[in-house]
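Written out below as structure tokens is the structure these notes cover.
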Amino acid sequence: MSSLNQALRAALDHRQDLLAELHQQGTDCYRLFHGSQEGAGGLTVDRYGPQLLVQSFHQTLERDALLQLHETINQQLNLSSLLVYNDRSRGNSRIDREDSVYRADDSALEDLVGHEWGLNYRVRGRHAGQDPLLFLDLRNARGWVKQHSAGKSVLNLFAYTCGVGLCAAAGGAREVLNLDFAEGNLAVGRENGQLNPQLPGMQFVQSDYFPAIRQLAGLPISQRRGQKLPSYPRLEQRQYDLVLLDPPAWAKSAFGTVDLLRDYQSLLKPALLATAEEGVLICCNNLAKVSLQDWREQVLRCAEKAGRPVRDCQVLAPAADFPSQDGQPPLKTLILQL
């Protein structure tokens with residue numbers, strides 16, 4: 001038995017109780033192998049409903065190893081999953097390879113549906129972006145929102161494909177606004193809404209983060225001298241009962257720079273001001289090089305300086321399918337009671 005196959009079997013054995021619990025919750029989207037922590041750095045294996053998504057980030061997974069991995073998972077979990085392999089070590093995972101194993105069957109690349117917390121989500125093995133349409137490590141945060149959004153107004157910042165917004169709608173939120181810069185992401189969010197027709201409708205705003213959040217927070221939109229800013233949607237100043245802030249690690253636009261390592265405060269302050277009195281702000285940081293303790297202290301200091309001191313701060317860890325040997329997972333989530 002290869003070392004990879006041995007590590008994979010150990011990971012699947014370790015997840016038996018967790019998978020049973022997830023299936024009972026109405027979830028069939030989860031990580032089956034977290035290679036960096038389970039014996040094969042740069043390799044991840046995720047289930048998205050009927051699809052098995054294998055991704056390599058450091059080096060190509062050989063054909064026989066890929067087929068063995070697929071067979072092992074199908075046998076261990078009693079599945080007949082549709083295999084999609086994205087080799088992200090080669091720069092473009094969407095380029096078809098000569099071998100049909102790397103190209104994936106047509107049925108595996110169709111628009112499929114996965115489930116989480118009893119809700120339906122669009123699944124595509126390959127699409128215009130590189131990342132999967134649902135980030136699985138945020139599942140616990142989406143579940144928390146679903147449990148705590150009844151009757152609340154919810155603002156989902158950097159909404160991506162709007163999974164948090166969908167959970168808020170399912171939890172009984174009276175209003176949900178999803179905000180993201182990319183229309184393609186929001187288009188998938190609309191699809192997710194249509195896949196759950198029993199839920200109330202959500203709102204969608206395509207905008208750069210900085211002009212949108214600064215308008216909501218009642219702050220001026222800064223402009224570099226001599227530069228004309230691009231157009232942006234006009235929004236009224238207002239606050240929301242529950243706000244989720246889940247920014248990417250780094251991004252730059254004419255309005256500002258998202259930089260989780262050097263300047264989380266410029267993202268956090270307006271989000272704090274857009275959160276209602278006695279409201280909740282859930283903030284995330286997915287940079288592995290940032291320690292939870294340092295970041296937590298930074299967040300609490302920023303809240304104090306912004307005049308929005310935190311009454312209670314809860315750490316929400318990723319689920320057990322994202323193990324962390326040192327107890328410091330890359331994704332860090334804080335639930336701030338203001």
Side-chain angles (χ1 to χ4, degrees), residues 4-5 7-16 18-23 25-61 65-89 93-94 101-102 104-105 107-117 119-127 129-143 160-161 163 188 192 246 286 288 317-324 329-331:
L4 172 58
N5 200 271
L8 176 63
R9 288 179 181 273
L12 296 176
D13 288 342
H14 186 69
R15 283 166 170 73
Q16 281 187 354
L18 173 65
L19 297 189
E21 178 184 339
L22 292 174
H23 295 161
Q25 292 172 356
T27 295
D28 60 12
C29 296
Y30 38 73
R31 176 147 294 182
L32 290 169
F33 187 64
H34 194 52
S36 64
Q37 301 293 308
E38 296 184 292
L43 180 68
T44 62
V45 182
D46 297 318
R47 181 186 178 187
Y48 285 93
Q51 181 189 93
L52 190 72
L53 179 62
V54 180
Q55 299 191 97
S56 56
F57 295 84
H58 296 166
Q59 60 185 22
T60 301
L61 188 63
L66 177 62
L67 291 174
Q68 180 63 60
L69 179 152
H70 188 209
E71 181 182 357
T72 297
I73 288 174
N74 279 345
Q75 287 179 350
Q76 292 274 101
L77 302 185
N78 193 25
L79 294 174
S80 55
S81 61
L82 301 166
L83 176 64
V84 175
Y85 171 56
N86 288 342
D87 180 11
R88 297 175 67 171
S89 69
S93 63
R94 299 182 298 277
V101 171
Y102 295 138
D105 294 336
S107 57
L109 297 177
E110 291 177 356
D111 284 0
L112 303 171
V113 176
H115 308 88
E116 183 189 84
W117 298 111
L119 300 172
N120 302 323
Y121 287 89
R122 172 60 68 217
V123 173
R124 291 189 180 96
R126 296 196 184 126
H127 55 94
Q130 290 274 27
D131 292 318
L133 297 180
L134 186 67
F135 288 118
L136 301 179
D137 54 353
L138 200 64
R139 182 175 63 247
N140 281 356
R142 287 189 289 268
Y160 193 44
T161 57
V188 178
N192 286 334
D246 182 23
N286 58 32
D321 49 334
F322 285 81
S324 175
L331 176 64

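The basis for the numbers below is simple: all heavy atoms, side chains too, and nothing from hydrogens, waters or symmetry mates. Numbers here are sequence positions counted from 1.
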Looking at every heavy atom in both [X] and [Y], which two are closest together, and how far apart are they?
| X | Y | result |
| --- | --- | --- |
| A317 | N140 | O-ND2, 2.9 Å |
| G49 | C29 | N-SG, 3.8 Å |
| A40 | L4 | CB-CD1, 3.9 Å |
| R88 | P132 | NH1-CD, 4.4 Å |
| P329 | S324 | N-OG, 3.3 Å |
| N74 | S81 | OD1-OG, 2.7 Å |

Determine whether a donor-acceptor pair (N or O, by modelled atom type, separation under 3.5 Å) exists between the side chain of [X] and the backbone of [Y].
| X | Y | answer |
| --- | --- | --- |
| R47 | R31 | no |
| D111 | V123 | no |
| T161 | L133 | yes |
| H127 | D131 | yes |
| R126 | Y85 | yes |
| N86 | G125 | yes |

Assess the residue pair L32 and D46 against the criterion (side-chain contact (heavy atoms from CB on, under 4.5 Å)); give the C-alpha distance rounded to whole Å, side-chain angles, the decisive distance to 0.1 Å, and a yes or no.
CA-CA 5 Å; L32 290 169; D46 297 318; over 6 Å; no
Determine, stepwise, if the pair D105 / V84 fulfils side-chain contact (heavy atoms from CB on, under 4.5 Å).
CA-CA 8 Å; D105 294 336; V84 175; over 6 Å; no
Check I73, V54, L69 against L83 for a side-chain contact (heavy atoms from CB on, under 4.5 Å) and give me the one that passes.
V54
Residue pair Q76 / T72, side-chain donor-acceptor N/O under 3.5 Å:
no
With the side chain counted from C-beta on, respond yes when [X] and [Y] share a heavy-atom pair under 4.5 Å apart, and no when they do not.
| X | Y | result |
| --- | --- | --- |
| F33 | L43 | yes |
| E116 | L22 | no |
| P323 | H34 | yes |
| R122 | V113 | yes |
| L136 | Y48 | yes |
| L66 | Y102 | yes |
| L77 | L19 | yes |
| D87 | S56 | yes |

If you measure from [atom1] on [X] to [atom2] on [Y], what distance do you get to the nearest 0.5 Å?
| X | Y | atom1 | atom2 | result |
| --- | --- | --- | --- | --- |
| S89 | Q55 | OG | CD | 11.0 Å |
| Q16 | L12 | CD | CG | 8.5 Å |
| T27 | W117 | OG1 | CH2 | 6.0 Å |
| Y30 | H115 | OH | NE2 | 12.0 Å |
| Q51 | D28 | CD | CG | 11.0 Å |

Counting only heavy atoms not in Q59, do more than 12 sit closer than 6.0 Å to its CD atom?
no
Does H23, at its NE2 atom, have more than 12 non-hydrogen atoms belonging to other residues, nucleotides or ligands within less than 6.0 Å?
yes
Report the C-alpha separation of F322 and L331 in whole Å, then their side-chain angles, then the decisive distance to 0.1 Å, and conclude whether the side-chain contact (heavy atoms from CB on, under 4.5 Å) test is met.
CA-CA 10 Å; F322 285 81; L331 176 64; over 6 Å; no
Could you give me the CA-CA distance, side-chain angles and deciding distance for L52 and V45, then say whether side-chain contact (heavy atoms from CB on, under 4.5 Å) is met?
CA-CA 7 Å; L52 190 72; V45 182; 3.8 Å; yes
Output yes when R15 and E38 qualify as a salt bridge under the 4.0 Å nitrogen-oxygen rule, no when they do not.
yes
So does D321 pair up with R139, basic N to acidic O under 4.0 Å?
yes
